[in-house]
Amino acid sequence: MLHDMHTIIGDAIKEATGTDDPLLTDGGEHADLASTIAFSLAKQKKQAPVKLAQELAGDLKKNPALAEIAIEAKGPYINFVFGRDYVSNAVRAAVQPGYGNLQKKAVRVVLEHTSANPNGPLHVGHIRNSIIGDTLARAFIKAGYSLEVQYYVNDMGRQIAIVVWGFDNLDSAQREGEKEDAHIARVYIAANQEIQKDESITQQVNLLMQLIENGDPATVRKFRREVSRCLDGFKVTMKDLNVAHDRFVWESDFIRNGNTERIINKLKRMPQARDDETLALDLSEFDFENPYVIRRSDGTSVYAARDLAYHAWKAANFDRVIDVLGADHKLIGAQLQCTMKILGEKVPEIVHFEFVSLPEGSMSTRAGKFVSADDLITEIRKRAFEEVTARRPELDEDTRKSIAQSVGLAAIRYDIVKVSPEKSTVFDWKEALDFERQSGPYIQYAHARACSILEKAGTFPVCFELETEQEILLAKKIAKFPQVIENVVFELRPHILAIYARELADTFNTFYHYEPVLKSEGEVRNRRLTLVKALQNTLKESLETLGIDAIHSM
RNA sequence: GGGCGAGUGGCUUAGCCCGGACAUAGCGUCAGCCUCCUAAGCUGAACGCCGGGGGUUCAAAUCCCCCCUCGCCCGCCA
């Protein structure tokens, strides 16, 4: 809709001026769309931009295609304000279930996210990956793509060898009520402390690494057991965060199925290959200083080789390959992309996000310095329950618990997804536990408020003819939703949706303040109820795409 | 040392790709609003050399160059 207006107006300007870019921008408070084309025409024609804007506005007004649009030159700007049809069509679309769903696309997308090493619980840094990834996944589905979400399980890393060494050599019994991933972290941290004290342990870890690479059955069993247990813990955390994967892909499978060997053989024949003691690629022509090592001198593969095999497999089975990775993977991500390109394979698109740290510094699983996602979830549910109990003492405990769970989830997911990924952040308990303004619960509250109005109203005849300034403001904000979904998947930036949802709630709260709905009468009441229905549905679709429950009461 | 990212009122943050009309919002501060549809809300005020310096342009938070500060990376780890 908004996109259509852009096209119609843009074409009209191009036709009237003969330029190929109508220089349309958002009109902000002045208009729905505005063109600054008069500035560039001024240069060409050597005339004043104000005069040209006026002339052009006059010409455009005569264009029958723009009959519904109010056109006015204000100084050098040409402002376009959409008419009643635009507004009523927007509301008509927005009351429909699934509003914002875009046309189905015959494009298969594979999205990898989280993929944390299974050596300890997910912490508040990992879940930035999960939440960005899961929100993108939801947006892709809404945008009509066929999607598979994968978790790449790094099950043959050095950290896992350290975990296994710990289980073999230290006091490692699981404690009463201890979650699997927390248990593994405890053993991993203890094992690292032992390594610090006694360097000879490193030799034993190296031995485990060789055994796993060679497929020694007993070692494989041990690795797999601990990794699986850790993943079981992750799955509980991710379920609590409403984050879902379709498939867990194990790194070691790419050794077992021969894909790693195959890609190494292919890489050997590349002109960039340097096959001395190690096999490495010289990517200096692409501005990568260091050699990209693929195979060790002892003949075993490194992570990069298995990752290339994994990505080649994804490239063969999907049309688009998207990875969500932390900023620490920028260099290796770029090397991977570069290598895939020279192999003639589909190049993965990588979404990077910057680090989450603690006020006291970087997080480290090995050093036991982290805030686990589970602790955050527990704490936030507790706080949310207190809040719900204070606000709604009349509700029974189960209902309050259920609301608290949804509110807690909203607070966590929104707090993380609202920040643009290129900002590094410092985890702050106070902000994470805030349920007011610019928070997930704030948006849920606006939705619940709309639900409450609709419930009290019962049935009503729909009316799409809006009148007042506040009504039209809200309807125009609602109208932007499909374009927001489009932008999220195009730019791979889910925080755009987070910002939009908050602004939509803001707009509704202002509307709510100025325009009585239930207390108005006749047509006014009907059109406002219709608008509230459209708003409620748009908020619901927005929240659900953000992975947040659109609860009806809170 | 090199590469990448960030720097926007006291704090957090949008806008930057694609340059335009008084820079977005929240927290905090101050002044108000619950006999009225859920106050997890609303209205108003104060608070800004958009890190610094050059440049391009009719026009720069946005583009280019230099510098400063912070984060991340530069392994035969993953």
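Proteins come first, then strands; the chains are lettered A, B, ... in the order of their sequence lines, and each starts at number 1. Here the structure is a predicted model, which is why all the values come from computation and not from measurement.
Not counting sequence neighbours, the partners of A/Asp253 by the salt bridge (charged side-chain N to carboxylate O under 4.0 Å, His left out) test are A/Arg224, A/Arg256. Under the salt bridge (charged side-chain N to carboxylate O under 4.0 Å, His left out) criterion, A/Lys45 pairs with no residue, sequence neighbours left out. Listed by chain and residue number, A/Ile453, A/Phe511, A/Arg528, A/Leu529, A/Val532 satisfy the side-chain contact (heavy atoms from CB on, under 4.5 Å) test with A/Val517 (two or more places apart in sequence, or in another chain).
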### Task
Quick one: the dot-bracket string of RNA chain B, using Watson-Crick and G-U wobble pairs with both distances under 3.5 Å, [ ] for crossing pairs and | for bases paired to another strand.
(((((((..(((.......[....))).(((((.......))))).....(((((..]....))))))))))))....
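A salt bridge between A/Glu379 and A/Arg381 is absent, with no side-chain N of the basic residue lying under 4.0 Å from a carboxylate O of the acidic one. Checked for salt-bridge contact, A/Lys14 and A/Asp20 miss the test: no charged N lies under 4.0 Å from a carboxylate O.
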Quick one: side chains of residues 34-42 of chain A, donor-acceptor pairs under 3.5 Å with protein atoms, not counting sequence neighbours, listed by atom name and distance.
residue	atom	partner	partner atom	Å
A/Ser35	OG	A/Pro22	O	2.7
A/Ser35	OG	A/Ile37	N	3.1
A/Ser40	OG	A/Ile37	O	3.0

With a cut-off of 3.5 Å and sequence neighbours excluded, list every side-chain donor-acceptor pair involving residues 429-438 of chain A.
residue	atom	partner	partner atom	Å
A/Asp434	OD1	A/Glu436	N	3.0

Enumerate the protein-to-nucleotides 76-78 of chain B contacts in which both atoms are nitrogen or oxygen and the separation is below 3.5 Å.
residue	atom	partner	partner atom	Å
B/rC76	O3'	A/Arg296	NE	3.4
B/rC76	O2	A/Ser297	N	3.0
B/rC76	O2	A/Ser297	OG	3.0
B/rC76	N3	A/Ser297	OG	2.8
B/rC77	OP2	A/Arg296	NE	2.7
B/rC77	OP2	A/Arg296	NH2	3.0
B/rA78	OP1	A/Arg296	NH2	2.6
B/rA78	OP2	A/Tyr303	N	3.2
B/rA78	O2'	A/Asn117	OD1	3.0
B/rA78	O2'	A/Asn117	ND2	3.3
B/rA78	O2'	A/Gln159	NE2	3.1

Find every protein N or O atom lying less than 3.5 Å from an N or O atom of nucleotides 60-69 of chain B, and list the pairs.
none

For nucleotides 21-23 of chain B, print each protein N/O atom paired with a nucleotide N/O atom at under 3.5 Å, atom names and distance only.
residue	atom	partner	partner atom	Å
B/rA21	O4'	A/Tyr77	OH	2.9
B/rA21	N6	A/Asn79	OD1	2.9
B/rA21	N1	A/Asn79	OD1	3.0
B/rA21	N1	A/Asn79	ND2	3.2
B/rC22	N4	A/Glu29	OE1	2.6
B/rC22	N4	A/Glu29	OE2	3.0

Below 3.5 Å is the cut-off: list the nitrogen or oxygen pairs between protein and nucleotides 7-13 of chain B, distance only.
residue	atom	partner	partner atom	Å
B/rG7	OP1	A/Lys423	NZ	2.6

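Sorted by first and then second residue, the side-chain hydrogen bond (donor to acceptor under 3.5 Å, both in side chains) pairs involving residues 348-363 of chain A (not counting sequence neighbours) are A/Arg320-A/Glu349, A/Lys330-A/Glu354. Sorted by first and then second residue, the side-chain hydrogen bond (donor to acceptor under 3.5 Å, both in side chains) pairs with a member in residues 415-425 of chain A read A/Glu422-A/Arg493; sequence neighbours excluded.
In this structure, A/Arg449 forms a cation-pi arrangement with A/Tyr512, its terminal cationic atom sitting closer than 6.0 Å to the ring centre and no more than 45° off the ring axis.
In this structure, A/Ala448 reaches the bases: a heavy-atom distance under 4.0 Å links it to at least one base atom across the strands shown. Residue-level contact check: A/Glu455 touches neither bases nor backbone, having no heavy atom under 4.0 Å from any strand.
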